[in-house]
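Structure first, commentary second.
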Amino acid sequence: MKRLSDISVIKEILTRHGFNFSKSLGQNFLINPSVCPRMAEESGAAMGVGVLEIGPGIGVLTRELCQRAERVVAVELDKRLLPVLDETLSDLDNVKIVNADVLELDLNKLIAEEFEGLEVVVCANLPYYITSPVIMKLLEDRLPIRAVTVMVQKEAAQRICAPVGSRQSGAVTVAVNFYAEPELLFGVSAGSFMPAPKVDSAVIRLRVLDEPPVDAEPDKFFKTVKAAFSQRRKVISNSLSSGLSKSKDEINQILARAEVSPTARAEQLSLEDFSRISKYI
Ligand code: SAM
């Protein structure tokens with residue numbers, strides 16, 4: 001098999017299959033030969049490990065994962081890529097392509113059926129238009145996965161990996177930290193993709209926790225976090241009052257019980273603060 005990260009090889013395959021890139025499906029394919037081996041190494045792909053990939057494209061990362069993992073299942077939405085993947089992965093016997101929208105799939109079922117007896121990790125160069133929904137689905141569905149190693153836009157990576165309670169943090173930072181330990185691994189320049197996107201990217205890894213680090217009821221916790229960050233410039237008493245449709249008085253009483261200052265801003269609060277507020281809501 002010719003090197004799939006070689007741009008002339010990719011162009012030849014795509015031209016032969018009459019393929020053109022779909023912007024709306026977030027199709028920016030990796031052409032930098034050093035990125036996929038590094039991602040595959042960092043993902044934890046190894047013998048005894050099953051890898052769930054999202055959006056294999058023409059299979060450049062898929063091949064690297066297959067060389068290391070016991071088994072790889074890759075979910076690709078675009079039907080037009082199926083004959084391409086048939087060709088580019090034809091020499092591999094530990095891979096399966098599932099033609100589906102990852103957001104519609106029952107991933108618990110898929111993992112139980114495809115990875116019996118294996119440890120499971122997720123590795124993907126994510127389509128950027130669904131970065132947050134995919135990450136939240138992977139974490140909220142409480143899948144039996146050890147880690148999620150994904151390429152996302154640089155700004156999203158910085159936001160997700162910012163310390164909770166710092167200026168750069170957002171609702172997604174708090175949400176991710178409820179389920180996992182995020183870590184920014186390395187940056188990837190826009191020129192590493194075809195077509196080149198407008199912004200740079202970065203690879204992050206989320207190590208999934210066995211238990212959330214705070215004691216909270218997830219529904220209430222996330223409702224609180226969402227309301228708190230809905231107007232991030234406002235003080236917490238105002239954003240919670242409008243976000244939860246409760247009077248200022250009621251919110252101030254809740255904040256007093258939770259021992260959180262009503263003039264704090266959402267980005268200054270810790271996981272424990274959100275957990276205590278959500279208990280009294
Ligand atoms: N892994 C390839 C690479 O690194 O070159 C392609 C990555 S490209 C950024 C994103 C891929 O996700 C595309 O192949 C696209 O068709 C696929 N995709 C987009 N939306 C999807 C969805 N909802 N479910 C599954 N795959 C999707």
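First listed ligand is number 1; within each ligand, the first listed atom is number 1.
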TODO: Using a strict cut-off of under 4.0 Å between a residue heavy atom and any atom of ligand 1, list the qualifying protein residues by chain and number.
DONE: Leu25, Gly26, Gln27, Asn28, Phe29, Leu30, Glu53, Gly55, Pro56, Gly57, Val60, Val75, Glu76, Leu77, Asp78, Leu81, Ala100, Asp101, Val102, Asn125, Leu126, Pro127, Tyr129, Ile130
- [ ] Could you walk me through whether Val203 and Glu42 pass side chain to side chain contact (heavy atoms under 4.5 Å, CB included), step by step?
- [x] CA-CA 10 Å; Val203 176; Glu42 298 280 10; 5.8 Å; no
TODO: Quick one: sort the Phe221 and Phe274 rings into parallel, tilted or perpendicular, breaks at 30° and 60°.
DONE: perpendicular
TODO: Just jot down the side chain to side chain donor-acceptor pair (under 3.5 Å) partners of Lys11, sequence neighbours excluded, or say none.
DONE: none
Open item on the list: Under a 3.5 Å threshold, yes or no: a donor from one side chain and an acceptor from the other, between Asn20 and Arg80?
Closed with: yes
Open item on the list: What I want to check is whether the side chains of Asp78 and Gln27 have a donor and an acceptor closer together than 3.5 Å.
Closed with: yes
TODO: For the pair Phe29 and Phe19, name the ring-plane relationship: parallel under 30°, tilted 30 to 60°, perpendicular over 60°.
DONE: parallel
